[in-house]
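Contents: one structure, followed by commentary.
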2 protein chains.
Amino acid sequence: MAAQRPRRQPTLDEVAERAGVSRSAASRVINKAPHVSRATRDAVERAIKEMGYLPNRTARALATQQTGIVALAVSHDDPELFADPFFAQVIVGVSAALEETDLHLLLCLASSVRGRSRLTNLLQTRGVDGIMLMALHGDDPLTHIVRRAGLPAVYGGRPLNFEPQWYVDSDNLGGARLATEHLIGLGRTRIVTITGPMSTDVGRARHRGYREAMIMAGLVPYATAEGDFTEAGGAAAMKSLLDSHPDLDAIFAASDDTAAGALRVLIDAGRSVPADVAVVGFDDLGKAERTDPPLTTVHQSVQALGREMTRMLVGLIAGHEPSSVILPTKLVLRDSA
Amino acid sequence: MAAQRPRRQPTLDEVAERAGVSRSAASRVINKAPHVSRATRDAVERAIKEMGYLPNRTARALATQQTGIVALAVSHDDPELFADPFFAQVIVGVSAALEETDLHLLLCLASSVRGRSRLTNLLQTRGVDGIMLMALHGDDPLTHIVRRAGLPAVYGGRPLNFEPQWYVDSDNLGGARLATEHLIGLGRTRIVTITGPMSTDVGRARHRGYREAMIMAGLVPYATAEGDFTEAGGAAAMKSLLDSHPDLDAIFAASDDTAAGALRVLIDAGRSVPADVAVVGFDDLGKAERTDPPLTTVHQSVQALGREMTRMLVGLIAGHEPSSVILPTKLVLRDSA
DNA sequence: AGTGAGACTGGAAGCGCTTCCAGCGATGTC
DNA sequence: GACATCGCTGGAAGCGCTTCCAGTCTCACT
């Protein structure tokens with residue numbers, strides 16, 4: 001297996017020469033531009049086939065000022081966080097949508113300071129045509145960079161302290177309401193919630209959904225404990241709630257991980273689920289099916305999130321003015337409530 | 001929030017003019033090339049600062065014939081498969097290694113036919129400087145494309161039917177041996193294995209490790225059932241093994257998912273783990289800690305895999321001749337064996 | 001003073017493509 | 001038959017950078 005000689009790719013000039021036409025004519029054929037005679041087209045197409053010509057991406061990018069690449073930035077402090085299945089789903093959605101275009105995906109895990117500055121540089125040096133950002137703090141320097149770069153940008157989820165012009169988000173508020181209403185419909189009244197971090201929009205929205213549903217049903221929000229979307233956080237919160245409100249009869253957890261943690265604590269405390277305590281989670285990213293008992297939860301389609309973000313970005317790049325999207329969530333009934 | 005005017009980035013020409021030097025001189029300053037007087041350097045650097053100049057990536061790429069981008073291709077039939085935490089870890093490793101360079105990561109989920117042809121095109125149009133491929137079948141058209149493109153390429157894992165020139169792999173054979181030896185050391189003798197798909201190198205290597213350890217200890221490989229690395233596959237295989245060899249006293253599962261499936265079936269069948277049956281898995285990607293009982297397993301560092309692949313690729317691009325790497329695996333003792 | 005070696009410099013030629021534009025001949029119209 | 005119209009063409013000017021090369025200038029050394 002000798003190292004194959006990297007045969008130099010033929011250039012447009014060579015193709016044109018072989019076809020006996022000018023470079024401009026050849027270019028027109030390739031770009032399916034008008035004003036090309038049948039004869040010219042045929043000649044060029046034959047030359048292309050014979051020589052195995054393929055236009056050089058970089059050269060084209062320089063001429064058109066379009067790289068054909070979009071970035072997906074995940075700007076988190078902890079690189080491990082990327083291991084969350086959430087991101088995998090986003091990427092699958094993004095990739096699927098991108099497959100219908102000529103664009104490619106550049107993935108930026110910008111957790112460290114160095115990572116961020118690399119990303120910044122990428123944007124400022126016009127290395128990509130647009131960028132998708134997974135919700136980061138509104139005061140993240142990245143948001144400024146992105147705005148100053150004047151690059152098309154869409155957000156996945158909303159940062160807390162500013163409303164991006166273009167974003168795609170799940171209907172967290174509606175989903176939380178749905179979950180709570182379901183518990184109410186079950187006849188539960190002492191319904192508590194374990195929230196996500198209140199420093200995030202998701203956390204707040206899901207909490208508000210809970211409160212609104214309670215209040216609209218004429219109930220008082222029975223108790224609230226702040227979690228952090230993790231299983232450990234859910235367990236801790238559950239313990240303190242069980243302490244302070246031992247008679248609770250239902251719980252809305254802001255994530256499935258949270259719910260899983262709560263579930264464990266409940267079982268350990270001898271409560272049976274759903275008989276004594278009904279539990280509803282949020283996310284439905286696989287884990288909900290594997291808890292014991294399987295979790296009734298609010299489903300959000302993360303792939304759809306990725307897909308819509310991509311479509312929106314592609315639209316922006318094409319010069320359209322898309323409008324932000326909120327994706328529906330729905331209740332999935334399993335055994336825990 | 002008015003849409004910010006995308007202020008045109010200044011060009012090198014403008015910088016040079018402002019600094020009162022030629023474009024070549026300015027270029028030299030930027031690239032820290034020799035033969036630049038102190039005065040020139042200062043003038044250029046001031047101009048750069050004042051104008052906020054940043055070199056245009058595309059133009060530079062065209063001139064140097066280097067894009068500054070490497071691809072990571074995941075070529076699987078099922079896009080869902082990407083959700084496996086394995087890939088997340090690879091990506092984290094790759095990103096970390098890339099952070100020490102000026103390269104960026106292009107992620108290609110090439111599952112569909114269209115996806116593959118997009119990837120092919122990307123390579124042939126010289127859209128990237130090199131590529132990392134996660135083990136795919138040796139007869140995957142991609143491998144040919146890659147070779148013909150003459151592009152630096154490194155593999156993660158080894159395809160079954162050909163040995164790539166440059167690859168990084170975990171020591172699957174050694175790990176499986178370690179696991180089996182541990183079971184033997186526990187005094188077990190009727191040790192069975194649930195393999196991965198025998199159509200993959202990983203599957204075969206882990207199986208061979210099991211056999212070798214058994215034989216070297218003077219034992220006969222007691223029984224083998226083929227799994228597919230999934231939990232369901234593991235459960236099915238376990239059932240059939242329990243049927244055919246009810247007196248088995250230990251099992252080496254080729255993955256933690258497999259082991260988890262087996263575990264469930266064992267418990268349901270009334271066997272206690274590890275008292276009646278000892279179980280060892282493989283991978284240690286988080287799940288092993290969360291089974292009940294927690295799984296003794298063979299740890300492989302997937303982040304290291306990504307990191308080493310990246311380093312190797314960067315070396316190749318720089319013109320070095322690195323040699324392939326096999327990463328050590330180690331046994332992690334928990335409760336199941 | 002004369003020499004060669006260096007250090008520096010800017011002009012110019014790329015990299016491979018797109019796109020504007022002037023020019024061409026072939027039509028159509030009165 | 002004169003004129004505008006139209007489809008097609010190739011030359012040339014970019015896109016923004018790197019890099020080769022032929023020069024100039026300085027300086028140490030004979």
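So you know, we letter chains A, B, ... as the sequences are listed, proteins then strands, and number each from 1. In what follows, every heavy atom counts, from backbone to side chain, and hydrogens, waters and symmetry copies are set aside.
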Footprint string (nucleotides 14-22 of chain D, 5' to 3'): B base within contact, S backbone only, - free, heavy atoms under 4.0 Å: BBBBBBB--
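Among pairs with a residue in residues 97-109 of chain A, those fulfilling side-chain hydrogen bond (donor to acceptor under 3.5 Å, both in side chains) read A:E99-B:S112, at least two apart in sequence or across chains. Among pairs with a residue in residues 12-27 of chain B, those fulfilling salt bridge (Lys or Arg N to Asp or Glu O under 4.0 Å) read B:R8-B:E14, B:D13-B:R23, B:R18-B:E50, at least two apart in sequence or across chains.
Residues passing the side-chain hydrogen bond (donor to acceptor under 3.5 Å, both in side chains) test with B:T58: none are found, sequence neighbours excluded. Remark: B:R158 engages B:Y167, B:D169 in a side-chain hydrogen bond (donor to acceptor under 3.5 Å, both in side chains) (not counting sequence neighbours). Scanning for side chain to side chain contact (heavy atoms under 4.5 Å, CB included) contacts around A:A153 gives A:I131, A:V146, with sequence neighbours left out.
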Side-chain polar contacts of residues 306-321 of chain A - donor-acceptor pairs under 3.5 angstrom, sequence neighbours left out - could you list them?
unit_1	atom_1	unit_2	atom_2	d
A:E308	OE2	A:R311	NH1	3.2
A:T310	OG1	A:G306	O	2.7

Give the table of side-chain donor-acceptor pairs shorter than 3.5 Å for residues 84-98 of chain A, with sequence neighbours excluded, one pair per line with atom names and distance.
unit_1	atom_1	unit_2	atom_2	d
A:D84	OD1	A:F86	N	2.8
A:Q89	OE1	A:Q303	NE2	3.0
A:S95	OG	A:I91	O	3.1

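Considering only heavy atoms from C-beta on, B:T125 stays 4.5 Å or farther from A:Q9 through its side chain.
Overall bending of the helix from C:dA1-D:dT30 to C:dC30-D:dG1, expressed as the angle between end axes built from five pairs apiece, is 50° (10° steps).
For the pair B:E17 CD and C:dG10 P, the interatomic distance rounds to 13 Å; values are reported in whole Å. Rounded to whole angstrom, the span from the CZ atom of A:R38 across to the C1' atom of C:dA26 amounts to 20 Å.
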